[in-house]
Amino acid sequence: MTQTLLRGRLLSFVRAPQRLTDSESYRYETDGGLLMENGVIVESGPYAEVKAKAAADTVEIDHRPHLIMPGFIDMHLHVPQMQVIASYAANLLEWLNTYTFPEECRFVESAHAQRIATHFYDELIRHGTTTAVAYCSVHKTSADAFFAEAMKRNMRMVGGKVMMDRNAPQGLLDTPEMGYDETRQIIADWHGKGRNHVAITPRFAITSTPQQMEATQALAREFPDLHIQTHLSENHDEIRFTCELYPEAIDYTDIYARYGLLGDKTLFGHCIHLSEREADAMSEAGSIAVHCPTSNLFLGSGLFPLKALMRRDKPVRIGVATDIGGGSSYSMLRTMDEAYKIQQLLGERLNPLESYYLMTLGNAQSLSLADRIGTLDKGTDADVVILNAGATPAMALKMEVVKTLPEELFLLQTMGDDRAIVETYVAGAAAKAAI
Ligand code: GUN
Ligand code: ZN
C-alpha cells in the first residue's frame, strides 16, 4: 500500500512530566517526519532521515509549521447524549431524570441509533479525538450502531451497552439476565473486530440491583481482559442515595469492590468526593479515576482534586474525558482548559505538559493500550492530530509573542477548539477532510 509522509513539528510523550521544565518527558522534533503505511506508523524522527527511508511513490503532506501529535483520547462520554448537551438542570439527578433518561429511550430505534452514531464519529474526528471510551444506551441496537460505525471508520474505540435495571423509566431498563446475555452477545459480535473493544458497562450502583451487580461480576470474571466502566462519587445527593441502596457497604467505592469490579481495567467516571479510604482502595486496585471537568462544572458536581490524587503516597491513576452530554464540549483542548481552571480554584497548578500528556499517553496508559495508541512510536496505530496554534485571528495575534513550546501548548489549550484541528488522521487516512 502507498506510504504517506507527514512533515511538521512532532510532539509526543514518553512518560508523565514532573514539572514544566521536564524536557525529558517528551520528544520534540522541530523538522519531523512521520511515515505511515497500512494504518501503522512505520518511521518517526527527523524529516531528512525519515524521508530517506520512504518509498519513491510516497505521498508527502507538508503540515509545517503545525504540530503533529498522537490523536487525542477521550476516556468517558455518552453516545446517546448528543442531544442532551446544554440541558438546563440544577444537578446530576434532576438532569438524568428530566432530560437524559427520556432521551436515551429513543435509542431503541436502530435508525435513530445509527444516525446519532454517524454524528458522534464526525464530532470526534472534527475535534481531533481518535479513540474514545463510550457508553451506549441500554439497547443492544445502540451498541451495534456504535461498533458498526467504528469499523466503517477504522477507529480504535472502547464501548458498551449500559446495564441498568432500576430507578429509570421502563423503556430504559433491562434485567440482570438480559444485561448479561446482551453484553455477552455484543462481546461475541464486536470485541476484537476491527479495532473495537467492548467494555462491561453497569451504569452506576443506583440503576443496578444487587442481582445485576452479580451478573456484572460474572461477566468480569468470564472476560478478565475487558475494560469495565461506571460512575463513582459525582454528586453528594447521588452518594447519599447510593449508600442507602447498599447499606452493607462501607462507602460508595466498597459497593463496586464487593462485586469484584475494582481492578486495573476499571474506569470510574468522576470520583470527585472520594474519602481517603476510597482513594487508597482505588490506588491499591490500580483503578482509574476519570476526570470530566466540563461536566463537573456544568452540573455543579464539584471540584475534582486531580493534583492531590496524583501526589498521594498511594497515587490514584487518572484519565481525562469530555463526558458528553453532561460535558459541554467535544474538544479535549476545551476539556483541559476547564481542568486547568478547576485546579486553579483548588490552589493547584496543572501545567500544559501534564495536560497534553494526559490527553495522549496518559489516557493510553490508563487504558493499558499505550502499545497501540497515545504515542508516535514506530509500529503503533497511525492515529494522529495536526494542531494549529494560530487558528483564529485572536490566537494568531497571541502567537506573535509566544516563545516556547509549553507557551504554545498553553495557548492552544486556553483558546483552541475544533478550529485548531487542521487534520485528524485515523489509521493513516485524513479523516477530517472526509467528513
Ligand atoms: N451517572 C450515571 N449516569 C450518568 C450520566 O449519564 N452522566 C453523568 N454525568 N453521570 C451519570
Ligand atoms: Zn458519564
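Just so you know, ligand 1 is whichever comes first in the structure, and atom 1 is the first atom listed for that ligand. Below, each value reflects all heavy atoms present in this structure, side chains not excepted, and no hydrogens, waters or symmetry copies.
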*Distance-only polar pair, side chains of His139 and Ser137, donor-acceptor under 3.5 Å*: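 There is such a pair between these side chains.
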
Verify whether one side chain among Thr322 and Asp74 offers a donor that lies under 3.5 Å from an acceptor in the other.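 Distance-only check passes for Thr322 and Asp74.
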
(Q) With nothing but distance in play, are any N or O atoms of Gln81 less than 3.5 Å from an N or O of ligand 1? (A)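 Yes, since at least one N or O of Gln81 sits under 3.5 Å from an N or O of ligand 1.
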
query: Which atom, among the N/O/S set of His76, is closest to the Zn ion (ligand 2)?
result: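 Nearest N/O/S atom of His76: NE2.
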
Just so I know, are the side chains of Glu238 and Phe204 near enough to count as touching, which here means a heavy-atom distance under 4.5 Å?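 Side chain of Glu238 against side chain of Phe204, heavy atoms only: contact under 4.5 Å found.
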
Residues pairing under ring-ring contact (aromatic ring centres under 6.0 Å, His included) where one sits in residues 339-385, two or more places apart or in two chains, turn out to be Tyr340-Phe410

Checking heavy-atom distances from atom 2 (C) of ligand 1 to each of Phe204, Phe101, Phe298, the winner is Phe204

Restricting to heavy atoms, the pick from Arg203, His231, Glu234 nearest atom 6 (O) of ligand 1 would be Arg203

Row for the Zn ion (ligand 2): angle NE2 (His78) to OD1 (Asp323), 10° precision, value 90°

Take His270 and His291, measure what ring pair (Phe, Tyr, Trp, His ring centres under 6.0 Å) needs, and give me the verdict at the end.
CA-CA 5 Å; His270 306 294; His291 180 32; 8.8 Å; no

Run the numbers for me: atoms of ligand 1, each under 4.0 Å from some heavy atom of [X], listed by number.
| X | answer |
| --- | --- |
| Leu96 | 3 (N), 4 (C), 5 (C), 6 (O) |
| Leu92 | 8 (C), 9 (N), 10 (N), 11 (C) |
| His78 | 5 (C), 6 (O), 7 (N) |

Given Arg156, which partner from the list Asp383, Asp381, Asp371 fulfils the salt bridge (Lys or Arg N to Asp or Glu O under 4.0 Å) test?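 Testing each of Asp383, Asp381, Asp371 against Arg156, the sole residue satisfying salt bridge (Lys or Arg N to Asp or Glu O under 4.0 Å) is Asp381.
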
Regarding Lys398 and Glu407, does a basic nitrogen lie under 4.0 Å from an acidic carboxylate oxygen?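 A salt bridge is absent here (no side-chain N lies under 4.0 Å from a carboxylate O).
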
Checklist entry - When you check the gap from the basic side-chain N to the acidic O, do Arg184 and Glu222 get nearer than 4.0 Å? => result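 Glu222 and Arg184: salt-bridged.
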
- [ ] May I ask you to check whether His270 brings an N, O or S atom to under 2.8 Å from the Zn ion (ligand 2)?
- [x]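 No, outside the cut-off.
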
Quiz prompt | 2.8 Å cut-off met by an N, O or S atom of Cys292 to the Zn ion (ligand 2) | solution =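 It does not: Cys292 brings no N, O or S atom closer than 2.8 Å to the Zn ion (ligand 2).
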
- Message: For atom 7 (N) of ligand 1, what's the nearest protein heavy-atom neighbour? Residue, atom name and distance, please.
- Response: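 Ranking protein heavy atoms by distance from atom 7 (N) of ligand 1, first comes Trp95 CZ3, 3.4 Å.
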
